[in-house]
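Beneath this line is the structure, given in structure tokens, with notes to follow.
Reminder, nothing fancy here: chain letters follow the sequence lines and each chain counts from 1. Keep in mind it's a predicted model, so treat the numbers as computed, not measured.
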Number of protein chains: 2
Amino acid sequence: MIRTPTVLDRLLEISALFQQDMARAFAGTGLTPARTHLLWVLADHGPSTQQALATAMRVSPRNVTGLVDALDRTGHVRRGPHPTDRRAKIVSLTESGTLAMSEMARDHERLSAELMAAVDSSDADGLLRGVDAIATHLRAMVEAEASTVEQEER
Amino acid sequence: MIRTPTVLDRLLEISALFQQDMARAFAGTGLTPARTHLLWVLADHGPSTQQALATAMRVSPRNVTGLVDALDRTGHVRRGPHPTDRRAKIVSLTESGTLAMSEMARDHERLSAELMAAVDSSDADGLLRGVDAIATHLRAMVEAEASTVEQEER
DNA sequence: TATTGTTATACTCTATAACTATA
DNA sequence: TATAGTTATAGAGTATAACAATA
């Protein structure tokens, strides 16, 4: 029984294709999706403690230790002392990490233009409003689930 | 410098939200994204050899061994003999695995309806055509990259 | 006492390479 | 000789729990 693909089907397919494309793009750069996520958060928030990174990434502090270890080895980030709290460490992008992020931002722009060129211009507005609405709905949904879990944990 | 989110930004956000939602939905069921992917392929293709599964999932045969081991332990699939090739094994869904897939299909329908309800009906057509066009473009892009890699490997 | 980061441990997903049993 | 699946090994991402240093 074949069903015409729905918007949801397409969005799920697009998610899978993004993952495949990124995995391919990272191959050979020493970066991975998780490490790039950390760099991205760092570029967005500026130099941060590992606690702050763990919270922003919704990941365990232990996990951040491992990702920062790896990114430090590849020279993308460095750990510096916290000015007032001697327990904490400030993670910041190196020149090389900053450069990698700039390149990624440029690729992002290019892909964005390329995708919109593939879309019929009469559909562009409806598309943007549609994905906006869907993102908003999903954001609220995931948020609600997260608080339910927290409730249960009490 | 704040930029108005583009369609690409939203699609990437939606991908991340899907992943979070699925991870949450799987918690406690014994299923994971990778194992569910295998069940999905099995439901779609019918009973298959592990080779066929590995090819369909674009994953190593070794990986399929591990996933089938896990799904066999949880009772979602079983390994049976191949009728003519004694090297091969036929993996098929158990009653429990079939049931899990039905529930997932039902959840999928429900989510699809829920998302479309969040979209302004005047945007629905443009949205569907837009995501179709983008999926088509990405599919071709990933396909092209895959063949480039194969070329390089020769 | 509470918090920051790390060590210890474990599980999942993934890959390649070598091996066994069959084709 | 080639193919199907497994064992062996390894690396990445993730988590919890226990611990040290510091707040």
So, with a heavy-atom separation below 4.0 Å from DNA chain C, the residues of residues 59-78 of chain A are A:Arg62, A:Thr65
For DNA chain C, find the residues of residues 83-90 of chain B with a heavy-atom distance under 4.0 Å and give them by number; none if there aren't any.
B:Thr84, B:Asp85, B:Arg86, B:Arg87
What residue pairs, at least two apart or across chains, pass side-chain hydrogen bond (donor to acceptor under 3.5 Å, both in side chains) with a residue in residues 99-109 of chain A?
A:His108-B:Asp9
Take atom CG of B:Leu38 and atom P of C:dC13, then tell me their distance rounded to the nearest Å.
10 Å
Assess the residue pair B:Arg139 and B:Glu143 against the criterion (salt bridge (charged side-chain N to carboxylate O under 4.0 Å, His left out)); give the C-alpha distance rounded to whole Å, side-chain angles, the decisive distance to 0.1 Å, and a yes or no.
CA-CA 6 Å; B:Arg139 223 179 284 131; B:Glu143 187 63 35; over 6 Å; no
Walk me through whether A:Asp132 and B:Arg10 qualify under salt bridge (charged side-chain N to carboxylate O under 4.0 Å, His left out).
CA-CA 7 Å; A:Asp132 267 348; B:Arg10 289 310 188 207; 2.5 Å; yes
What's the spacing between A:Thr55 OG1 and A:Met57 CE if we round to 0.5 Å?
11.0 Å
B:Gly46 backbone acceptor or donor facing B:Ser48 side chain under 3.5 Å
yes
Rounding to an integer number of Å, can you tell me how far A:Gln20 CD sits from C:dA15 C1'?
16 Å
What's the separation between atom CZ in A:Arg87 and atom NE2 in A:His82, rounded to the nearest 0.5 Å?
9.0 Å
Report whether B:Leu42 and B:Met104 are members of the same hydrophobic cluster (ILVMFWY, side-chain heavy atoms less than 4.5 Å apart, transitive linking).
yes
Side chain of A:Thr94, backbone of A:Gly75: donor and acceptor closer than 3.5 Å?
yes
One should read off an interatomic distance between B:Leu138 CG and A:Asp21 CG, to the nearest 0.5 angstrom, of 7.5 Å
Could you check which residues of residues 39-56 of chain A get a heavy atom under 4.0 Å from DNA chain C? Sort them by number, please.
A:Thr49, A:Gln50, A:Gln51
So A:Thr36 and A:Thr32, do their side chains get closer than 4.5 Å, heavy atoms only?
no
With sequence neighbours left out, the residues meeting side-chain contact (heavy atoms from CB on, under 4.5 Å) with B:Asp120 are B:Ser122, B:Asp123
Students should find this one: the first and last nucleotides of DNA chain D, 5' to 3', lying under 4.0 Å from a heavy atom of chain A. What are they?
D:dA12 to D:dA23
For A:Ala70, does its backbone N or O pair with a side-chain atom of A:Thr74 as donor and acceptor, under 3.5 Å?
yes
What's the separation between atom CZ in B:Arg79 and atom OG in B:Ser92, rounded to the nearest 0.5 Å?
11.5 Å
